Amino acid sequence: MTLDQLFGLAGRTALVTGATRGIGEAMAQSLDAAGARVILAGRDRQRLDQVASALEHDPVVLTADLQDPDGPTSLAREARASAGAIDILINNAGGSWNQALSDVDDESWDRTLRTNLTAAFALTRELAPTMAERGWGRVVNVASVMGLVGDTHSSAYAASKGGMIAMTRSLAAELGRDGVTVNTLCPGWVETDLVSDLHSDDRFQQRVVRRTPVRRWGVPADMAAAAVFLSGPGSAFMTGQTLVVDGGLSATW
Ligand SMILES: NC(=O)c1ccc[n+]([C@@H]2O[C@H](COP(=O)([O-])OP(=O)(O)OC[C@H]3O[C@@H](n4cnc5c(N)ncnc54)[C@H](O)[C@@H]3O)[C@@H](O)[C@H]2O)c1
């Protein structure tokens, strides 16, 4: 098999949420490099335009706030209207609201679940039927190691990411017969704006390095490589799975 037959995405259209920066930006760049036309979705139009300017395959930029109840549905409709059928959905947008149990009020719980889990479900519900009709599709849900193990001040975030892992398995069961795979990618600690306060705290930063077998933090490109695999032809026999990319952190103690 050629590398193209395993990883090539020419002729495919991919929607990446949270593409303004960090992991989503890196995934958009790598999918474009593999040949896909990428639809970049996010809240900051200027930033999306900057990311798009570095892409080769006629990218599309769409703004959407996935916390809005109509956000995911309108995004899916606009994506189809601007680029036609979507072959690959990367549910990457997400946020972490690091809060102690007593500080997680109903609004904060809802916001976390809406952005990290409900939006991914709603986008999949909108876009997967066309993938199934066409007999080919990829859904990649970006969860977190925190969906597999617990930590302090993480109850809502961990619930949203654990929910994503469980949702992935059931959607895989439902969509597999139509050529649509659904997998979860679980990053460990990755240097992005999301965790910049923790990364700039020397003690915490070193603690992560000491506990991680490969002795470093992840970088967005580590996640992008996995996303290209999960989006491509070479992962056709893999569905409902959780691919953990964390430098070995969760495999050891
Ligand atoms: N960085 C890490 O250490 C780490 C670890 C595990 C999982 N993750 C997950 O990876 C994904 C990407 O995170 P990142 O580290 O690149 O963070 P980031 O904060 O740099 O990027 C997150 C992206 O999601 C977008 N987003 C957030 N809320 C949104 C909303 N309501 N509507 C639309 N877009 C919204 C942001 O604008 C941004 O583009 C997230 O789902 C995060 O939970 C990150």
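Everything quoted here is computed from the prediction, not taken from an experiment. Values below: every heavy atom of this structure, side chains too, minus hydrogens, waters and symmetry copies. In listed order, ligands and their atoms are each counted from 1.
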Undergrad: Looking only at heavy atoms, what is the nearest atom pair of Ala28 and Val38, with distance?
TA: O-CG2, 3.7 Å
Undergrad: Could you go through residues 71-89 and list every donor-acceptor pair under 3.5 Å that involves a side-chain atom there, pairing it with any protein atom two or more places apart or in another chain?
TA:
{"residue": "Ser74", "atom": "OG", "partner": "Asp70", "partner atom": "O", "Å": "2.7"}
{"residue": "Arg80", "atom": "NH1", "partner": "Glu126", "partner atom": "O", "Å": "3.0"}
{"residue": "Ser82", "atom": "OG", "partner": "Glu78", "partner atom": "O", "Å": "2.5"}
{"residue": "Asp87", "atom": "OD1", "partner": "Arg134", "partner atom": "NH2", "Å": "3.1"}
{"residue": "Asp87", "atom": "OD2", "partner": "Thr13", "partner atom": "N", "Å": "2.8"}

Undergrad: Using ring pair (Phe, Tyr, Trp, His ring centres under 6.0 Å), reason through Trp189 and Phe204 one step at a time and then give a plain yes or no.
TA: CA-CA 11 Å; Trp189 292 105; Phe204 188 86; 5.1 Å; yes
Undergrad: Please confirm whether Arg138 makes a cation-pi placement over Trp136, using NZ or CZ under 6.0 Å from the six-membered ring centre and within 45° of the ring normal.
TA: yes
Undergrad: How close do Lys161 and Asn116 get, counting heavy atoms only, and between which atoms?
TA: CE-ND2, 4.0 Å
Undergrad: Please produce the table of protein N or O atoms sitting under 3.5 Å from N or O atoms belonging to ligand 1, one pair a line, distance to 0.1 Å.
TA:
{"residue": "ligand 1", "atom": "1 (N)", "partner": "Val190", "partner atom": "O", "Å": "3.2"}
{"residue": "ligand 1", "atom": "1 (N)", "partner": "Thr192", "partner atom": "OG1", "Å": "3.1"}
{"residue": "ligand 1", "atom": "3 (O)", "partner": "Gly188", "partner atom": "O", "Å": "3.4"}
{"residue": "ligand 1", "atom": "3 (O)", "partner": "Val190", "partner atom": "N", "Å": "2.8"}
{"residue": "ligand 1", "atom": "3 (O)", "partner": "Val190", "partner atom": "O", "Å": "3.4"}
{"residue": "ligand 1", "atom": "15 (O)", "partner": "Thr192", "partner atom": "OG1", "Å": "2.6"}
{"residue": "ligand 1", "atom": "16 (O)", "partner": "Ile23", "partner atom": "N", "Å": "2.8"}
{"residue": "ligand 1", "atom": "19 (O)", "partner": "Arg21", "partner atom": "NE", "Å": "3.3"}
{"residue": "ligand 1", "atom": "19 (O)", "partner": "Arg21", "partner atom": "NH2", "Å": "2.6"}
{"residue": "ligand 1", "atom": "20 (O)", "partner": "Arg21", "partner atom": "NE", "Å": "2.9"}
{"residue": "ligand 1", "atom": "24 (O)", "partner": "Gly94", "partner atom": "N", "Å": "3.4"}
{"residue": "ligand 1", "atom": "28 (N)", "partner": "Arg43", "partner atom": "NH2", "Å": "3.4"}
{"residue": "ligand 1", "atom": "31 (N)", "partner": "Asp65", "partner atom": "OD1", "Å": "2.9"}
{"residue": "ligand 1", "atom": "32 (N)", "partner": "Asp65", "partner atom": "OD1", "Å": "3.4"}
{"residue": "ligand 1", "atom": "32 (N)", "partner": "Leu66", "partner atom": "N", "Å": "2.8"}
{"residue": "ligand 1", "atom": "37 (O)", "partner": "Arg43", "partner atom": "NH2", "Å": "3.2"}
{"residue": "ligand 1", "atom": "39 (O)", "partner": "Gly18", "partner atom": "O", "Å": "3.3"}
{"residue": "ligand 1", "atom": "39 (O)", "partner": "Thr20", "partner atom": "OG1", "Å": "2.6"}
{"residue": "ligand 1", "atom": "41 (O)", "partner": "Asn92", "partner atom": "O", "Å": "2.8"}
{"residue": "ligand 1", "atom": "41 (O)", "partner": "Lys161", "partner atom": "NZ", "Å": "2.9"}
{"residue": "ligand 1", "atom": "43 (O)", "partner": "Tyr157", "partner atom": "OH", "Å": "2.6"}
{"residue": "ligand 1", "atom": "43 (O)", "partner": "Lys161", "partner atom": "NZ", "Å": "3.1"}

Undergrad: Hey, does Leu185 have a side-chain heavy atom less than 4.5 Å from the side chain of Met27?
TA: yes
